[in-house]
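In what follows, every heavy atom counts, from backbone to side chain, and hydrogens, waters and symmetry copies are set aside. One is the number of the first residue; the rest follow in order along the sequence.
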Amino acid sequence: MQWEAVIGLELHAQLATRTKIFSGAATAYGAEPNVQACAIDLGMPGVLPVLNESTVRYAVRLGLALDAELAGRSVFARKNYFYPDLPKGYQISQYELPVVGQGHIDIDLEDGSIKRIGVTRAHLEEDAGKSLHEGFVGMSGIDLNRAGTPLLEIVSEPDLRSAREAVAYMKKMHALVRYLEICDGNMQEGSFRCDANVSVRPVGTEKFGTRTEIKNLNSFRFVDRAINFEIERQVEVLEAGGEIVQETRLFDSDRGETRPMRSKEEANDYRYFPDPDLLPLEIDSAFIEEVRAELPELPDVRRQRFVQQYGLSSYDAGGLTASRELADFFETV
């Protein structure tokens, strides 16, 4: 039997603001543990979150670049779950009413064709802290500096059919957020990371198979290796007469394999409800047009201009516009 992979990515872009999404605490990377976690980030009694306007501006900037729907009214919700590095016991996110709705991005395939990938949504949320395991024996450390750092979670449609397509999509989105200067894209520092939802189905069928989610992939190479392993694993299980269990898995880069982390939660497990401390976010057309006026020339448009203006091949123009800095340097020279 021939099998087809169905893949969707959830990309987490850490927004390049100087302060956190709901507090004035700093977001600088590399500080000593727990020196940048304020009472608001920790949800202490008597504190109230206040939305950072820059995060909204950055979200709208991405929405415009994706030709996406922009919600005039969106709502922040509490996503309830326990984790040692989530001291509040909930994460402030967006659920039913995200700020950015359906959009799309085009990726280049190896055969020279272009494939359009749908974007389901992009929503604002706060990051959790970080559990530290290295240097500890029989215990873990908790660093809450990252708690409250603003994230934009970008969710694709399940339009990807191979690990290579997934990597091409991730690279395209990585270049875009850096072009827009809303995220520095530093994957080693966790500024841009990926969760991959993977399932397989017999070729020619429409129904999706049971999916697994591979968490916290922070390099293009790991995304490629993890998805390919998971596709092969699922096919082997199904061809042996087994069933795929819906679960969250981690990728072991040393062994090149995924392994179970926990059973996959559904939305109702998180008990989402509107955050009572935050008013609905309302964006008017004047604000959207103000942000639109700030947009740089986008990568695809710039690549096409390089072809027409400088007589470059599409391949060379693509390489030169892969980063905004390189494209600027080329034009300056």
Side-chain H-bond candidate by donor/acceptor type, [X] with [Y], under 3.5 Å:
{"X": "S199", "Y": "Q234", "answer": "no"}
{"X": "E10", "Y": "N197", "answer": "yes"}
{"X": "E230", "Y": "T212", "answer": "yes"}

Any donor-acceptor N/O pair, [X] side chain to [Y] backbone, under 3.5 Å:
{"X": "R73", "Y": "I283", "answer": "no"}
{"X": "K172", "Y": "D106", "answer": "yes"}
{"X": "K20", "Y": "Q36", "answer": "yes"}
{"X": "D108", "Y": "I114", "answer": "no"}
{"X": "E4", "Y": "G204", "answer": "no"}
{"X": "E165", "Y": "R161", "answer": "yes"}
{"X": "D195", "Y": "N216", "answer": "yes"}

Would you mind checking if [Y] and [X] are paired as a salt bridge, meaning a charged N to carboxylate O distance below 4.0 Å?
{"X": "R121", "Y": "E96", "value": "no"}
{"X": "E331", "Y": "R305", "value": "yes"}
{"X": "R57", "Y": "E294", "value": "yes"}
{"X": "D252", "Y": "R225", "value": "no"}
{"X": "D143", "Y": "K130", "value": "no"}
{"X": "E181", "Y": "R61", "value": "no"}

Taking side chain to side chain donor-acceptor pair (under 3.5 Å) as the test, write out the residues that go with E282, two or more places apart.
-> none
Other ILVMFWY residues reachable from V6 by side-chain steps of under 4.5 Å = F208
What's in the same ILVMFWY side-chain cluster as L97, cut-off under 4.5 Å, chained through other members?
-> V75
Salt bridge (Lys or Arg N to Asp or Glu O under 4.0 Å) partners of R18, counting only residues at least two apart = none
Salt bridge (Lys or Arg N to Asp or Glu O under 4.0 Å) against E110, all qualifying residues, sequence neighbours excluded = R164
Distance in Å, R78 CZ paired with Y272 OH, rounded so as to fall on 0.5 Å steps | 14.0 Å
Might you confirm whether atom [atom1] of [X] has over 12 heavy atoms from other residues, nucleotides or ligands at distances under 6.0 Å?
{"X": "F273", "atom1": "CZ", "result": "yes"}
{"X": "K115", "atom1": "NZ", "result": "yes"}
{"X": "Y310", "atom1": "OH", "result": "yes"}
{"X": "E325", "atom1": "CD", "result": "yes"}

Kindly indicate whether a cation-pi arrangement holds for K171 with F220, taking the cut-offs as under 6.0 Å to the six-membered ring centre and within 45° of the axis.
-> yes
Aromatic centroids of Y95 and Y270 separated by under 6.0 Å | no
Do the ring centers of F22 and F76 come within less than 6.0 Å of each other?
-> yes
Decide whether L109 and L176 are clustered together by the hydrophobic rule: side chain heavy atoms of Ile, Leu, Val, Met, Phe, Trp, Tyr closer than 4.5 Å, transitively.
-> yes
For residues 148-157, which side-chain donor-acceptor pairs fall under 3.5 Å, sequence neighbours excluded?
residue, atom, partner, partner atom, Å
T149, OG1, R146, O, 2.9
E153, OE1, H12, NE2, 3.3
E153, OE1, H123, NE2, 3.3
S156, OG, L9, N, 2.9
E157, OE2, T120, OG1, 2.8

Heavy atoms of P33 and N145 approach each other most closely as CA-ND2, 3.7 Å
Can you name the nearest heavy-atom pair linking D41 to A25, along with the distance?
-> OD2-CB, 3.5 Å
